[in-house]
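Quick note on labels: first sequence line is chain A, next is B, and so on, each numbered from 1.
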Amino acid sequence: MTRPRIATASLAGCFGCHMSFLDIDERLFELVRHVDFDRTPLTDIKAIGPCDVGLIEGGCANAENVEVLRAFRQQCKALVALGACAINGGIPAMRNQFSLQEILAESYLDGMGLDQGQIPNDPEIPLLLDKVYPIHEVVQVDHFLPGCPPSGDAIWTFLQELLSGQAIRLPYTQIHYD
Amino acid sequence: MDWISLELTAAGFYANKYCCAHWRVGHPPREEAASVTHPPSPSEHALARQGSAPLDLLQILVDLQSSQGCLSAEVLEEVSHALSMPLAQVRGVAEFYHLFSRYSPCRYRVLFADNVIERLAGMESLLIRLCEHLGIDPGKVRCDHRVMVGTTSCIGLSDQGPAALVNGLPITRLDAQRIDAMAEHIEQTIPVGDWPSEWFQVTPNLLRADHLLAEPWEVGAALGVLARQGAAEVLDCLDQARLRGMGGAGFPTASKWRSCRDTPADRRFVVCNADEGEPGTFKDRLLLQSHAHQIIEGMTLCAAIVGANHGVIYLRGEYAFLLPGLLGVLEQARQSERLGTIIRGFPGFSFDISVEVGAGAYVCGEESALLESLEGRRGNPRIRPPYPTQRGYLGAPTVVNNVETFAAAARIVANGEEAYRLAGRGEPGTKLHSVSGDCPRPGIYELPAGTPVRELLELCGAQDTGAVQVGGAAGTLLSPAEFDRRLGFEDLPSTGSFMIFNRRRDPINVVQRFTHFFAEESCGFCTPCRVGTALLRDLADKLFQGRAAPRDLDDMHRISRLLKSTSLCGLGATAPNPVLDLLHRFPAQVQARLCRADQQPAFDLDAALAPARALTGRDD
Amino acid sequence: MTAYFQIDGVPIPFESGQTIMDAALAAGQYIPHLCHNPEFRPHGSCRVCTVRADGRFVAACTFPASEGAKVECASDELRELRNGLLQMLFVEGNHVCPGCEKSGACQLQAVAYYCEMLAPELPHFFPRRHVDASHPDLAIDYGRCILCELCVRASREVDGKSIFAIGGRGIKAHLLVDSPSGKLGDTDMSVHDKAAHVCPVGAILIKHRGYDRPIGQRLYDQRPVSVVGDVIQAEETRDD
Ligand SMILES: Cc1cc2nc3c(=O)[nH]c(=O)nc-3n(C[C@H](O)[C@H](O)[C@H](O)COP(=O)(O)O)c2cc1C
Ligand code: SF4
Ligand code: SF4
Ligand code: SF4
């Protein structure tokens with residue numbers, strides 16, 4: 001029997017969800033007995049291949065986020081929005097209270113201590129989207145695991161249920177939005 | 001602001017309103033307005049005319065909007081002081097109604113009727129044309145405070161549109177030429193009262209009359225029957241005629257009257273719902289304009305039966321131009337002892353009718369929201385039970401009926417229930433239909449209940465019809481396969497709106513406009529409708545623009561279910577109808593418009609990147 | 001003899017004049033709700049307490065209890081509807097729980113946890129809403145207001161001040177503050193007013209006491225709202 005393949009990525013997030021993933025601690029050993037990792041910061045594999053599960057941390061803030069997310073959607077049978085930012089944009093989406101113009105002007109033109117500022121336009125830098133989007137507004141998402149970050153226990157419960165094909169039901173203390 | 005004169009109002013609007021002894025009867029006695037300083041401010045004038053109790057707030061604001069051209073921050077503060085009402089509450093009411101403008105004052109305020117019928121007749125390009133002439137953006141007051149141009153929901157003139165309200169008065173049959181001339185009049189500061197009167201002509205447009213309207217109304221006919229036969233007989237007659245409400249819900253009229261009569265109370269009210277806000281409906285306009293005596297008699301009949309001494313006609317703000325005529329008819333009725341303290345044939349019974357004017361809010365046609373509005377507040381529907389017949393206007397048992405219902409009740413009692421029953425085809429009675437859209441003879445048709453849709457299409461000369469919307473935005477969207485269905489309570493109930501779209505029209509566009517209407521008109525009180533109507537609007541836009549994916553249709557279904565099951569009032573419960581009809585009846589058109597991104601929600605990357613590209617000058 | 005109706009098969013006694021919600025709460029049967037607070041007249045706006053009474057969808061907080069009525073509350077259909085309503089409340093505002101002082105003691109959150117809502121799976125509106133910090137002791141974050149009108153009712157009915165009202169309509173409906181500037185600092189609102197304490201979410205916040213309980217010990221961290229009760233009553237009986 002082939003082992004399920006899992007990929008993970010952090011878009012506009014803080015890597016907190018990935019840290020929390022590591023917080024499943026010694027249960028990681030059990031996990032790697034059952035699954036293989038594809039693209040993820042844990043393996044440092046840069047390109048995603050066909051996978052069973054994709055875990056996405058962070059919302060979509062720029063063109064690169066969208067590209068990575070779409071690649072994940074194409075390759076993953078089940079896509080998971082992991083954590084507050086993937087689910088509703090989270091803290092980065094607080095910038096949605098302002099126009100991109102206002103934000104860039106404040107950061108690069110008029111902000112305190114700036115002299116002769118300039119909005120960066122190096123083509124190496126991914127272009128920003130007008131707002132930060134929850135990932136389900138960009139691609140179809142199959143599962144949502146809330147938390148900022150979701151606790152290691154919640155991630156563990158979730159993965160166990162998902163990989164064993166059960167319906168996802170988290171105990172009360174493992175559902176939280178912060 | 002005295003350079004804005006009272007020419008803003010229909011000729012003699014207030015003069016007339018004021019001289020009617022009983023134009024606002026039924027209110028509790030009110031305190032005198034605060035002692036007048038000199039010179040009196042506009043709000044003092046309005047208070048003097050409209051009263052100074054919190055209940056009068058809406059009428060005061062209507063008056064001020066009319067005389068001042070806007071409700072400025074200062075005016076609202078003055079009103080709040082004068083009524084000893086919190087400013088936030090006054091602002092809340094001012095922000096609720098479309099016809100109030102809280103911008104800076106402007107001499108000319110032009111509001112184009114924005115129903116789908118007007119859109120299809122080229123309203124958008126006319127609006128742009130006018131804006132270009134005047135050098136303004138839609139919705140913004142020109143910096144010289146001369147003019148603003150915007151839109152409002154259907155104003156009940158779809159048979160003679162495109163139409164617009166200019167300072168509250170409707171101009172009909174707009175075309176490029178008329179728009180050009182309007183722009184000139186505005187630039188030359190010609191008062192609206194001096195604009196060519198033919199611009200303001202609203203024709204009654206009755207193209208087929210039947211049981212209700214074929215014979216002229218013989219004043220006193222119904223009351224005579226009541227005097228001879230008594231209330232019980234008359235109610236039985238209405239029962240046997242099986243008269244049901246014409247405003248949409250179709251509640252048996254006699255049962256409603258009985259329920260009001262049987263609720264113990266020391267006063268009761270009769271309210272005529274002349275809000276006619278359902279898009280594409282204008283049959284009540286005809287009745288109010290040309291058959292007011294019949295309506296009044298219906299109301300008096302009801303009052304005599306239920307034991308009410310006061311009646312109110314809640315006239316939608318868009319129909320304020322009908323007010324002088326209506327007040328004239330009421331005055332005639334008083335002169336001839338058919339209203340007032342002495343009513344001929346009914347010793348000891350007194351009954352009078354006042355008119356209250358709305359200010360642009362479709363939801364105020366919902367009976368309990370209407371009562372809130374009559375009491376001067378935001379038009380939020382009330383929690384039911386209790387129903388209006390138990391606790392209505394000012395807490396007293398109240399009958400609320402549609403204009404046409406009162407007219408029909410009067411006719412039935414005068415001519416006998418049998419004539420009414422025989423007038424229908426398979427079910428009793430007749431119904432007025434307001435026909436608009438793609439046909440050579442738009443107007444009002446009185447048809448036997450049970451008439452097939454196809455026959456009405458033939459009567460008005462419609463050809464190559466691709467879809468009909470029966471009963472307004474909240475009604476039913478029919479495809480040609482269903483044109484044999486019958487207009488009537490048994491099959492296709494209708495509020496009297498009949499909008500025709502030929503095969504070249506895009507049904508998705510039609511439905512998209514309706515979703516905008518509901519989002520615009522939701523009162524915002526309850527969660528499902530406040531949020532759901534906006535979500536449906538955005539999804540319909542997506543579909544129309546070819547950006548929707550199959551998944552978005554699932555969302556439409558899901559949101560529609562929520563609206564239908566959990567909304568507080570009929571607005572939210574019916575708002576998904578056009579969307580659901582579109583998905584059911586026009587699946588081919590919908591499928592062809594989907595973007596083929598499989599189950600993906602459609603995300604427009606280029607649109608989302610546009611601002612960054614503009615700011616960085618990049619094109620990657 | 002006491003009259004009864006049933007909620008999901010459980011008999012609930014009631015007195016004439018009680019709503020389904022009144023009777024259910026008195027009998028210790030939880031029905032999720034947000035705009036309802038037994039101290040004030042029922043409002044019926046959030047619709048989260050929608051149940052099916054004899055087949056008909058009604059708001060439990062406004063619908064009268066009646067003898068023998070069969071009320072459904074926990075069916076899958078109602079769960080889905082309730083979940084949808086909660087999702088709507090989340091997407092119409094700006095609910096960034098990780099950055100909200102009320103988090104952990106917020107009734108919107110708690111009811112959503114109780115209903116096992118994992119995410120608001122609808123398009124987000126991200127409305128532009130400001131924060132009013134003009135008052136020395138209170139702040140309003142309009143992005144979190146769910147228009148329950150509890151502050152409106154408390155200020156009018158208990159404080160006798162009418163500091164709040166609702167303006168706009170449809171999705172643009174919003175809370176209004178009773179001062180010419182529209183700022184709370186320009187009203188006579190006091191931190192001791194009832195209205196300062198009834199907000200079920202993090203829209204009206206009392207300054208100088210944020211994040212006063214560690215994660216894990218907050219109101220709803222360990223036990224659900226069905227056990228803990230509404231945030232307002234729970235906070236009033238708070239021991240510290
Ligand atoms: C959103 C909404 C708008 C309504 N608008 C009108 C209206 O403009 N005119 C009307 O007569 N009834 C309207 N109604 C129906 C009224 O609530 C009420 O049923 C009617 O006035 C009763 O009169 P009837 O029994 O004579 O039909 C509306 C209902 C809803 C839910
Ligand atoms: S359904 Fe819509 S219009 Fe009716 S009360 Fe709710 S928000 Fe207001
Ligand atoms: S008010 Fe409640 S739901 Fe909203 S952000 Fe704060 S904690 Fe979250
Ligand atoms: S501020 Fe709080 S209490 Fe007031 S309406 Fe908004 S959510 Fe309700």
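- For A/Y108, the OH atom sits in a loose shell: 12 or fewer heavy atoms of surrounding residues, nucleotides or ligands are nearer than 6.0 Å.
- Taking a 6.0 Å sphere around CD of A/E102, one finds it holds more than 12 heavy atoms contributed by other residues, nucleotides or ligands.
- For A/L127, the parts lying under 4.5 angstrom from a heavy atom of chain B are both the backbone and the side chain.
- Enclosure of atom CD in A/Q101 is not indicated, since only 12 or fewer non-hydrogen atoms of other residues, nucleotides or ligands lie within 6.0 angstrom.
- Contact of A/L79 with chain B is not made at all, since no heavy-atom distance falls under 4.5 Å.
- With a 4.5 Å cut-off on non-hydrogen atoms, A/D122 touches chain B through its backbone but not through its side chain.
- Considering A/I135, A/L69, A/L129 in turn, A/L129 is the only one that fulfils the side chain to side chain contact (heavy atoms under 4.5 Å, CB included) rule with B/F603.
- The contact list for residues 609-620 of chain B toward chain A, using heavy atoms and a distance under 4.5 Å, reads B/L609, B/P611, B/A612, B/R613, B/L615, B/T616, B/R618, B/D620 by residue number.
- Around the CD atom of B/Q545, the shell of radius 6.0 Å holds more than 12 heavy atoms that belong to other residues, nucleotides or ligands.
- Residues of residues 53-60 of chain A placed with any heavy atom under 4.5 Å of a heavy atom in chain B are absent; none qualify.
- When all heavy atoms of A/H136 and B/R551 are compared, the closest pair comes out as O-NH2, 4.0 Å.
- Interface residue A/V138: backbone and side-chain heavy atoms are both found under 4.5 Å from chain B.
- Residue-environment remark: CZ (B/R102) exceeds the threshold of 12 foreign heavy atoms within 6.0 Å.
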